[in-house]
Protein chains: 2
Amino acid sequence: MNKPRLSESQEDYLKEIYKLEELNGRVGMQDLAKRLDVRPASVTGMVKKLVQVQLVEHEPYKGVRLTDVGEKIALEVLRHHRLLELYLANHLNYTWDEIHEEAERLEHVISEKFEAAIAELMDHPTHDPHGDPIPSADLKIPETPDLKPVSSLKAGSFSTIRRVMTQDKDILNMLSRLNLIVNRDIQVAGKDSSGVRLKVDEQQYFLPLSIANFIFVECDS
Amino acid sequence: MNKPRLSESQEDYLKEIYKLEELNGRVGMQDLAKRLDVRPASVTGMVKKLVQVQLVEHEPYKGVRLTDVGEKIALEVLRHHRLLELYLANHLNYTWDEIHEEAERLEHVISEKFEAAIAELMDHPTHDPHGDPIPSADLKIPETPDLKPVSSLKAGSFSTIRRVMTQDKDILNMLSRLNLIVNRDIQVAGKDSSGVRLKVDEQQYFLPLSIANFIFVECDS
DNA sequence: CATTAATATTAGTTTCAACTAAATATATTA
DNA sequence: TAATATATTTAGTTGAAACTAATATTAATG
Ligand SMILES: [Mn+2]
Ligand SMILES: [Mn+2]
Ligand SMILES: [Mn+2]
Ligand SMILES: [Mn+2]
């Protein structure tokens, strides 16, 4: 009857399955292996155990999917992770590129009490510093306005950065120095096939698509 | 040349060896086993590994002792633990009886950055909420005035609680409700062979020795 | 459609940190 | 001192979670 507490590893599997499923539907062993930095054979092994305890469903050679219970746990871990990222940034002076690694370890270790305490302290935030939605205490994903990649806007248009979808430390570090961070208002000053020119705070910068593609915005209405 | 990062388990062994060594000198397998909630055979096994990497010295059948390097690591973990306890109490509204368990897990997982951030935030404190000394950033134990068990004072004498040496949740919870906490001024209102009567804040309570023995005070000069 | 390439699974190993049961060493005391 | 009790160590097991090497399945392509 009582859930026997998952291992750190199992929690990471569930979390990554959730994120991949969100992007591509059914999740292949290969992708999962890449994300978890582990060999595909190891994934097959762990997936078997997770099937045993009914946290995922697996059709051999087709892929895995979370069960409802599995998804609950994934969301719980994701909530820990994202609350922690925001907390580290807001209360302990972590920079954008430092928060992910620390949250990756802490997420498995903090109690519900800790989770509640920092959520309370930050007044129950809905988005982390990357703009990723933070599942609520009852594990619902908050509504998010629909976002477009900045590279899809036409020259001249105004918008607000709402999400930056990478954990690459170098990119995050660079973008934060340029003030290209979540909730900043920007204008697309120009664009060509190789990238976009963005205006922020009277400055402007040309970003190649390899970087610009990570930036998602809400357009001014 | 490079230290290969210890396991959580190894860190706990070093920390407990440190604390026991502080009390009794050389540390027996039995005591260590009791503290770590593990069988003596397991201790022998782990001690062997720690000897291999020269973090402890072991004379079979006589006991273990930390090497200088081992002590450094123990102090590092202890610093994490005690900084965390204070942080949880001061910034996240944890009660006295809740802090230990959470710190016990977090201590192995926070980075040096996290350690530095909370130390800074709390202005480099020297003692945790139990009155235990917090090793400094360079791992020195701060000077502490010498303390006496409150049960050793004579009736009528005034003093200040400076340390409460137990992690028992029920006792801590009770003492904190009675305001018998670190840095509180008290008077010994009376005593007999079974315990002491303490006066705090116009209230007074009789504590049996089984509890009073955990309370250490600094006497008014 | 027959090969080749890409993915996934199986079988067997390794490392870690615990465990039990049995043997050995030290300490206590009759 | 001999007998008993306590403490410690040894030997062998277990369960997680990774690994490698080999095999099997599915997908892509000439
Ligand atoms: Mn993250
Ligand atoms: Mn993680
Ligand atoms: Mn503690
Ligand atoms: Mn611990």
Side-chain angles (χ1 to χ4, degrees), chain A residues 3-17 20-21 23-66 70 73-74 77 104-105 107-109, chain B residues 3-17 20-21 23-66 70 73-74 77 104-105 107-109:
Chain A
K3 34 189 163 178
R5 187 84 182 101
L6 299 181
S7 71
E8 203 150 316
S9 203
Q10 292 174 317
E11 289 186 349
D12 276 336
Y13 272 83
L14 295 177
K15 187 183 61 170
E16 292 304 331
I17 292 169
L20 289 170
E21 204 178 322
L23 290 182
N24 318 320
R26 237 268 229 20
V27 181
M29 301 295 111
Q30 203 84 210
D31 298 348
L32 203 40
K34 211 153 288 162
R35 290 296 196 107
L36 292 163
D37 194 26
V38 139
R39 291 314 169 87
S42 309
V43 174
T44 304
M46 178 61 91
V47 162
K48 257 185 187 157
K49 287 181 222 160
L50 294 173
V51 167
Q52 283 299 315
V53 294
Q54 305 188 45
L55 296 174
V56 310
E57 282 159 10
H58 182 211
E59 293 202 49
Y61 292 100
K62 311 232 30 179
V64 285
R65 209 170 36 183
L66 295 175
I73 298 175
V77 179
E104 195 61 48
R105 282 172 286 115
E107 62 189 0
H108 309 289
V109 155
Chain B
K3 36 188 160 177
R5 185 84 182 102
L6 299 180
S7 70
E8 201 150 317
S9 203
Q10 291 174 317
E11 289 186 349
D12 277 335
Y13 272 83
L14 296 177
K15 188 183 61 169
E16 292 304 331
I17 292 169
L20 288 170
E21 203 178 324
L23 290 182
N24 318 320
R26 246 254 233 31
V27 180
M29 302 294 112
Q30 202 86 211
D31 298 349
L32 202 40
K34 210 154 290 166
R35 289 293 196 109
L36 292 164
D37 195 26
V38 140
R39 292 314 170 89
S42 308
V43 174
T44 304
M46 179 61 92
V47 162
K48 258 185 186 155
K49 288 180 222 160
L50 293 173
V51 167
Q52 282 299 313
V53 294
Q54 306 188 45
L55 296 174
V56 311
E57 282 160 8
H58 182 210
E59 295 202 47
Y61 291 100
K62 311 234 26 182
V64 286
R65 210 168 37 183
L66 295 175
I73 297 175
V77 179
E104 195 60 48
R105 282 172 286 116
E107 62 188 1
H108 310 288
V109 154

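Values below: every heavy atom of this structure, side chains too, minus hydrogens, waters and symmetry copies. First the proteins, then the strands, lettered A, B, ... as listed; each starts at 1.
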Atom pairs under 3.5 Å, N or O on each side, protein against nucleotides 18-20 of chain D: can you list them with distances?
from: D:dA18; atom 1: OP1; to: A:Ser9; atom 2: OG; distance (Å): 2.9
from: D:dA18; atom 1: OP2; to: A:Ser9; atom 2: OG; distance (Å): 3.3
from: D:dC19; atom 1: OP2; to: A:Arg39; atom 2: N; distance (Å): 2.8
from: D:dC19; atom 1: OP2; to: A:Ser42; atom 2: OG; distance (Å): 2.7
from: D:dT20; atom 1: OP2; to: A:Arg39; atom 2: NH1; distance (Å): 3.1

Counterpart residues, side chain to side chain contact (heavy atoms under 4.5 Å, CB included), relative to A:Ser9 (two or more places apart): A:Ser7, A:Tyr13, A:Met46

Whole Å only: how far is the [atom1] atom of [X] from the [atom2] atom of [N]?
{"X": "A:Lys48", "N": "C:dA11", "atom1": "NZ", "atom2": "P", "result": "7 Å"}
{"X": "A:Leu6", "N": "D:dA17", "atom1": "CG", "atom2": "C1'", "result": "14 Å"}
{"X": "B:Glu11", "N": "C:dA17", "atom1": "CD", "atom2": "P", "result": "11 Å"}

Provide the closest heavy-atom pair for [X] versus [Y] in the form atom of the first, atom of the second, distance.
{"X": "B:Asp12", "Y": "B:Leu36", "answer": "O-CD2, 3.8 Å"}
{"X": "A:Val27", "Y": "A:Ile17", "answer": "CG2-O, 3.8 Å"}
{"X": "B:Glu21", "Y": "B:Leu66", "answer": "OE1-N, 3.2 Å"}
{"X": "B:Leu14", "Y": "B:Ile73", "answer": "CD1-CG2, 3.7 Å"}

Sugar-phosphate, base or nothing in reach of B:Gly28, heavy atoms under 4.0 Å: sugar-phosphate

Touch class at under 4.0 angstrom, heavy-atom based, for B:Lys62 against every strand present: nothing

Where at least one partner belongs to residues 37-56 of chain B, residue pairs that pass salt bridge (charged side-chain N to carboxylate O under 4.0 Å, His left out), sequence neighbours excluded: none

Atom CD of A:Glu8: over 12 foreign heavy atoms under 6.0 Å: yes

Residue-level proximity of residues 50-59 of chain B to DNA chain C when a heavy atom falls under 4.0 Å: none

Presence of B:Ser7 side-chain N/O under 4.0 Å of C:dA17 phosphate oxygens OP1/OP2: yes

Below 4.0 Å: OP1/OP2 of D:dT8 and any side-chain N or O of B:Gln30: yes

With B:Glu104 via side-chain hydrogen bond (donor to acceptor under 3.5 Å, both in side chains) - residues at least two apart: B:Lys15, B:His100

So which protein N/O to nucleotides 22-29 of chain D N/O distances come out below 3.5 Å?
from: D:dT25; atom 1: O4'; to: A:Tyr61; atom 2: OH; distance (Å): 3.4

Side chain of B:Lys49 (C-beta onward), nearest among D:dA17, C:dA17, D:dT8: C:dA17

